[in-house]
**Student:** 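Quick one: structure below, then a few questions.
Please read these numbers as outputs of a predicted model, since none were measured by experiment. Residue numbering restarts at 1 for every chain, and letters A, B, ... go by the order of the sequence lines.
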Amino acid sequence: MKERLRKIIIDAAKQAHVAGILHTDVFAGAVVEAPNVEAHGDFATNFAMANASVLKKPPRKIAGIILEHIDDPDGIIEKFEIAGPGFINFFIRPSAWHPILCDIHEKKETYGASDIGRNKKVQVEFVSANPTGPLHVGHGRGAVVGDSLASILAFCQYAVTREYYINDNGRQIDTLTLGRSVHARCRELSGRDVTFPEDGYKGDYVYDIARDLLEKDGENLFAPEETGSADAVINRCAEFAAAGILAGIRTDLECLGIRFDVWFSEKGLYESGKVRDIMEALKLDGRVYEKDGALWFKSSDYGDEKDRVVVRSNGQTTYFASDIAYHRDKFDRGFDRVVDVWGADHHGYVPRLSAAIDAMGYDRECFKVILVHLVNLLRDNVQIAMSTRAGEFTTLKDVVDEVGSDAARFIFLTRHHESPLDFDLDLAKKKTNDNPVYYVQYVHARISSILKKAEADGCAAPKAGIAPDLSGLNTVEDVRLMKHLSRYPGIIETAALMMEPHRVAYFLMELAAAFHAYYNKHRVLTDDPDMTVARLYLVSAVAVVIKNGLNLLGVFAPESM
RNA sequence: GCGCCUGUAGCUCAGCCGGAUAGAGCAACGGACUUCUAAUCCGUAGGUCGCAGGUUCGAAUCCUGCCAGGCGCGCCA
């Protein structure tokens with residue numbers, strides 16, 4: 001609709017040029033948009049104002065000229081007016097909205113899909129939490145944002161791969177700390193004396209792991225240390241723990257409806273020599289140098305504030321080194337666009353990785369980091385403290401068990417990802433309109449209920465492929481709903497381009513509000529068969545879009561509640 | 001100290017690649033169920049868009065400088 005109007009306006013301006021009234025037919029960029037005040041019509045354009053200086057005429061005068069040359073062959077415009085400093089407002093004839101409904105019924109679950117992706121390969125890497133403890137709500141937010149973003153991109157014809165990067169390189173300090181923590185608990189559980197590591201993981205889950213491991217390995221866990229080589233045992237503990245925790249992470253994510261296409265192993269990067277290879281390549285190119293016994297990458301040559309260590313003086317590589325290799329591997333796998341979803345506390349890491357991507361000869365513009373801000377978990381309006389190491393936290397699993405996947409997912413998407421989010425457990429469980437997820441789902445349930453009743457009453461359902469007579473859909477509320485539905489494809493496209501999945505959630509809340517208002521004002525099932533069929537056609541289109549949108553957010557669209 | 005993010009109604013937040021009278025929900029107050037689900041709706045009230053400049057016909061939106069909060073500034077991740 002917007003596009004059609006845009007064309008009508010430009011054509012009118014060109015006509016005016018042909019008629020010799022305007023001295024040029026090269027115009028400045030102008031927009032057609034839906035005004036926020038209904039009195040200003042269905043659409044408005046700032047064309048006249050934007051072109052005032054180009055055309056050297058006052059805006060209102062230009063607007064008048066445009067209107068005189070408007071050609072509207074399909075008669076979609078009911079009336080237009082010049083308003084304010086030079087806006088042109090268009091009022092669309094109610095019947096001009098009807099084709100939207102046919103479009104929705106025709107496309108169903110693909111309504112709103114866009115082809116802007118053109119099959120370009122995109123990778124979305126998200127969560128990627130270290131397997132040192134269960135996921136907490138902060139991870140959950142990143143998981144949901146990443147997963148929904150991936151769905152939206154896929155819907156826009158990007159070829160999407162969802163990937164989880166596992167920090168399973170056994171030499172990392174975190175993993176070893178975990179190993180020592182588990183081993184200490186094993187000693188404790190078997191009645192041995194123990195000094196728990198100061199920096200160890202204190203969470204209860206460490207006991208669970210220790211118990212499992214004791215059952216499996218028994219005394220073997222203690223024999224070697226008495227002969228003086230404890231390393232092997234600690235490694236055993238670390239690997240056992242990490243594997244168990246990772247399996248738990250996987251199940252927790254599945255409970256949120258999240259599955260990955262690829263679980264990418266950091267260890268694999270070392271084993272295949274990819275870390276060594278890229279380090280040597282960078283050395284040859286002079287991108288890394290030695291100083292103080294360590295190896296440094298010249299990230300400051302590429303916009304970072306300082307150079308960064310890739311190999312420490314003790315010979316150990318840093319995470320940065322494997323991240324460089326990892327991102328090279330991503331681009332080498334042919335991804336046109338690489339998206340990383342990180343916690344916002346890692347934002348300082350962005351410049352160095354961008355620098356590395358640049359230095360390796362890839363386009364840093366193809367690399368995008370989505371920074372997801374922290375989550376405050378609230379119960380009874382009191383913040384619940386969270387610290388993995390201290391073991392004080394409510395896990396993601398606890399939260400999902402308590403409030404359900406749908407509520408959790410939806411709430412994670414009710415903020416822009418760069419805004420901090422208060423996750424209110426009490427609110428998430430409330431089954432009222434305070435809770436946006438039920439508010440939206442209720443629309444689907446209500447419509448399903450109407451459709452069932454219509455069927456039971458023997459109402460003639462709209463025939464497949466043939467639109468019923470829709471001329472009855474002409475009230476303000478009918479038009480509001482249709483207008484809303486027509487905005488959906490644009491919302492999807494913006495959400496994909498800006499990588500902002502929350503836009504879909506907000507759209508759904510607004511559509512839900514429009515529907516609930518409609519429901520309270522108009523009956524769908526009436527004595528008038530034509531009207532009934534037309535309204536059934538309308539509300540079932542609403543249900544299609546609600547389900548379609550919820551699906552992108554990974555939220556279920558129930559038929560009854 | 002430097003960098004990034006945030007600052008919009010009493011509360012929680014949308015809107016931010018410039019548009020008209022800044023929106024929603026909650027909380028407050030007043031209404032609507034013999035009706036397709038009241039997990040809903042309608043109405044009232046509520047604002048120096050952190051502050052100050054600048055650019056523009058026009059700024060919540062862009063630029064600069066301040067203020068406040070969060071996060072980050074390791075041969076940790």
**Student:** When you compare B:G23 with B:U35, how far apart are their C1' atoms, in angstrom units rounded to a whole number?
**Tutor:** 32 Å

**Student:** Just the rounded figure in Å: distance from P of B:C73 to CZ of A:F320.
**Tutor:** 15 Å

**Student:** Under 4.0 Å from OP1 or OP2 of B:G15: is there any side-chain N or O of A:H502 that close?
**Tutor:** yes

**Student:** Could you work out which one of B:U12, B:G19, B:G72 sits closest to the side chain of A:D422?
**Tutor:** B:U12

**Student:** Atom CD1 of A:I166 and atom P of B:A77: how far apart are they, to the nearest Å?
**Tutor:** 18 Å

**Student:** What's the closest nucleotide to the A:H347 side chain, out of B:C5, B:C4, B:A77?
**Tutor:** B:C4

**Student:** Under a plain distance cut-off of 3.5 Å, with no hydrogens placed, do A:H444 and A:E559 share a side-chain donor-acceptor pair?
**Tutor:** no

**Student:** Which nucleotide in the set B:U6, B:A20, B:C71 lies at the smallest distance from any side-chain heavy atom of A:N89?
**Tutor:** B:A20

**Student:** Sticking with atom C1', work out how far B:C51 lies from B:A39, rounded to a whole angstrom.
**Tutor:** 43 Å

**Student:** When the C1' atoms of B:A59 and B:A22 are considered, how many whole Å apart are they?
**Tutor:** 12 Å

**Student:** Hey, does A:H516 reach any base, or is it just sugar-phosphate, or nothing, if we go heavy atoms under 4.0 Å?
**Tutor:** sugar-phosphate

**Student:** Within the structure shown, what part of the strands sits under 4.0 Å from A:K431 by heavy-atom distance: base, sugar-phosphate, or nothing?
**Tutor:** base

**Student:** Under the rule syn = chi within 90° of 0, otherwise anti, which is B:C29?
**Tutor:** anti

**Student:** For A:A39, report the nucleic acid contact type (base, sugar-phosphate, nothing); a contact means any heavy atom under 4.0 Å.
**Tutor:** nothing

**Student:** If the threshold is 4.0 Å, N to carboxylate O, is there a salt bridge linking A:D42 and A:K483?
**Tutor:** yes

**Student:** With sugar-phosphate meaning primed atoms plus P, OP1 and OP2, does A:R523 contact a base, only sugar-phosphate, or nothing at under 4.0 Å between heavy atoms?
**Tutor:** base

**Student:** More 5' along RNA chain B: A:E305 or A:E510, using each one's nearest nucleotide?
**Tutor:** A:E510

**Student:** So, does the side chain of A:D323 form a donor-acceptor pair with the base of B:A77 at under 3.5 Å?
**Tutor:** no

**Student:** Under 3.5 Å, is there any donor-acceptor pair linking the side chain of A:N46 to the base of B:G19?
**Tutor:** yes

**Student:** If you look at every strand shown and take non-hydrogen atoms under 4.0 Å, does A:D424 touch a base, only sugar-phosphate, or nothing?
**Tutor:** nothing

**Student:** Applying side chain to side chain donor-acceptor pair (under 3.5 Å), run through A:T414 and A:Y506 and close with a yes or a no.
**Tutor:** CA-CA 7 Å; A:T414 51; A:Y506 274 89; 5.8 Å; no

**Student:** Over all strands shown, is A:H522 touching base, sugar-phosphate only, or nothing at heavy-atom distances under 4.0 angstrom?
**Tutor:** base

**Student:** Hey, does A:L427 reach any base, or is it just sugar-phosphate, or nothing, if we go heavy atoms under 4.0 Å?
**Tutor:** nothing

**Student:** Using the P atom on both, measure B:C66 against B:C71 and round to a whole Å.
**Tutor:** 22 Å

**Student:** Considering only the C1' atoms, how many Å lie between B:C62 and B:C76, rounded to the nearest integer?
**Tutor:** 39 Å

**Student:** Verify the neighbour count for atom NZ of A:K429: are there more than 12 heavy atoms of other residues, nucleotides or ligands below 6.0 Å?
**Tutor:** yes

**Student:** Base, sugar-phosphate, or nothing: which does A:A517 touch, judged by heavy atoms less than 4.0 Å apart?
**Tutor:** sugar-phosphate

**Student:** Compare the minimum distances between each of B:A20, B:C36, B:C75 and the side chain of A:A294, then state the nucleotide with the smallest one.
**Tutor:** B:C75

**Student:** Hey, do the aromatic rings of A:Y326 and A:Y165 have their centres closer than 6.0 Å?
**Tutor:** yes

**Student:** Return the value, rounded to whole Å, for the distance between atom CZ of A:R487 and atom P of B:G15.
**Tutor:** 12 Å

**Student:** Parallel, tilted or perpendicular for A:H484 and A:F507, by the 30°/60° rule?
**Tutor:** tilted

**Student:** Could you tell me which nucleotide pairs with B:U56 by Watson-Crick or G-U wobble geometry, both distances under 3.5 Å, or answer none if nothing does?
**Tutor:** none

**Student:** Taking any heavy-atom pair under 4.0 Å as a contact, classify A:K306: base, sugar-phosphate, or nothing.
**Tutor:** sugar-phosphate

**Student:** Hey, could you give me the CD1/CG distance between A:I88 and A:N46, rounded to the nearest 0.5 Å?
**Tutor:** 9.5 Å

**Student:** Quick one: A:F47 CZ to B:G18 P, roughly how many Å, whole number?
**Tutor:** 17 Å

**Student:** Do the side chain of A:S419 and the base of B:C13 come within less than 3.5 angstrom through a donor-acceptor pair of N or O atoms?
**Tutor:** no

**Student:** Is there a side-chain polar atom (N or O) of A:Y506 under 4.0 Å from OP1 or OP2 of B:G25?
**Tutor:** no

**Student:** Mind checking the C1' distance from B:A60 to B:G72? Whole angstroms is fine.
**Tutor:** 28 Å

**Student:** To the nearest Å, how far apart are A:F410 CZ and B:U12 P?
**Tutor:** 20 Å

**Student:** Toward the 5' end of RNA chain B, which comes first, A:H40 or A:N130, by nearest nucleotide?
**Tutor:** A:H40

**Student:** Base, sugar-phosphate alone, or nothing: which one does A:R308 contact when heavy atoms must sit under 4.0 Å apart?
**Tutor:** nothing

**Student:** Expressed as a whole number of angstroms, how long is the span from A:D304:CG to B:G72:C1'?
**Tutor:** 13 Å

**Student:** Considering Watson-Crick and G-U wobble pairs with both distances under 3.5 Å, what does B:U44 pair with?
**Tutor:** B:A28

**Student:** For B:G74 and A:R312 - does any side-chain N or O of the residue sit under 4.0 Å from the phosphate oxygens OP1/OP2?
**Tutor:** no

**Student:** What is the distance from CZ of A:R446 to P of B:C33, rounded to the nearest Å?
**Tutor:** 15 Å

**Student:** Do A:E500 and A:H416 pass the side chain to side chain donor-acceptor pair (under 3.5 Å) test, and can you show the C-alpha distance, the side-chain angles, and the key distance before you say yes or no?
**Tutor:** CA-CA 7 Å; A:E500 294 178 340; A:H416 187 279; 3.0 Å; yes

**Student:** Look through every strand shown and name the nucleotide pairing with B:C76 as Watson-Crick or G-U wobble, where both distances are under 3.5 Å.
**Tutor:** none

**Student:** Taking the six-membered ring of A:Y519 (Phe, Tyr or Trp), confirm whether the NZ or CZ of A:R446 is under 6.0 Å from its centre and within 45° of its axis.
**Tutor:** yes

**Student:** May I ask you to say what A:A44 touches in the nucleic acid, namely base, sugar-phosphate or nothing, with a heavy-atom cut-off under 4.0 Å?
**Tutor:** base

**Student:** Quick one: A:Y537 OH to B:C36 C1', roughly how many Å, whole number?
**Tutor:** 21 Å

**Student:** How far, in whole Å, is B:C42 from B:C33 if one measures between their C1' atoms?
**Tutor:** 14 Å

**Student:** Strictly by Watson-Crick or wobble contacts shorter than 3.5 Å, is anything paired with B:C66, and which nucleotide is it?
**Tutor:** B:G50

**Student:** Between the side chains of A:E402 and A:R379, is the shortest nitrogen-to-carboxylate-oxygen separation below 4.0 Å, so that they form an ion pair?
**Tutor:** yes

**Student:** Check whether any side-chain nitrogen or oxygen of A:Y439 sits under 4.0 Å from OP1 or OP2 of B:C41, and answer yes or no.
**Tutor:** yes

**Student:** Could you tell me the Watson-Crick or G-U partner of B:C71, where both distances fall under 3.5 Å? Say none if there is no partner.
**Tutor:** B:G3

**Student:** Closest approach to the side chain of A:S313, judged atom by atom: which nucleotide of B:A39, B:A38, B:C75 is it?
**Tutor:** B:C75

**Student:** C1' atom, B:G58 versus B:U6: distance in rounded Å?
**Tutor:** 27 Å

**Student:** What does B:C16 pair with, Watson-Crick or G-U, if both distances are under 3.5 Å?
**Tutor:** none

**Student:** At under 4.0 Å between heavy atoms, what does A:S449 touch on the DNA or RNA strands: base, sugar-phosphate, or nothing?
**Tutor:** base

**Student:** Ignoring the backbone of A:D345, work out which of B:G72, B:A14, B:G19 is nearest its side chain.
**Tutor:** B:G72

**Student:** Ignoring hydrogens and angles, does a donor from either the side chain of A:H346 or the base of B:G72 sit under 3.5 Å from an acceptor on the other?
**Tutor:** no

**Student:** Of all the choices, B:G72, B:C75, B:A77, which nucleotide is nearest to the side chain of A:W296 once you look at every atom?
**Tutor:** B:C75

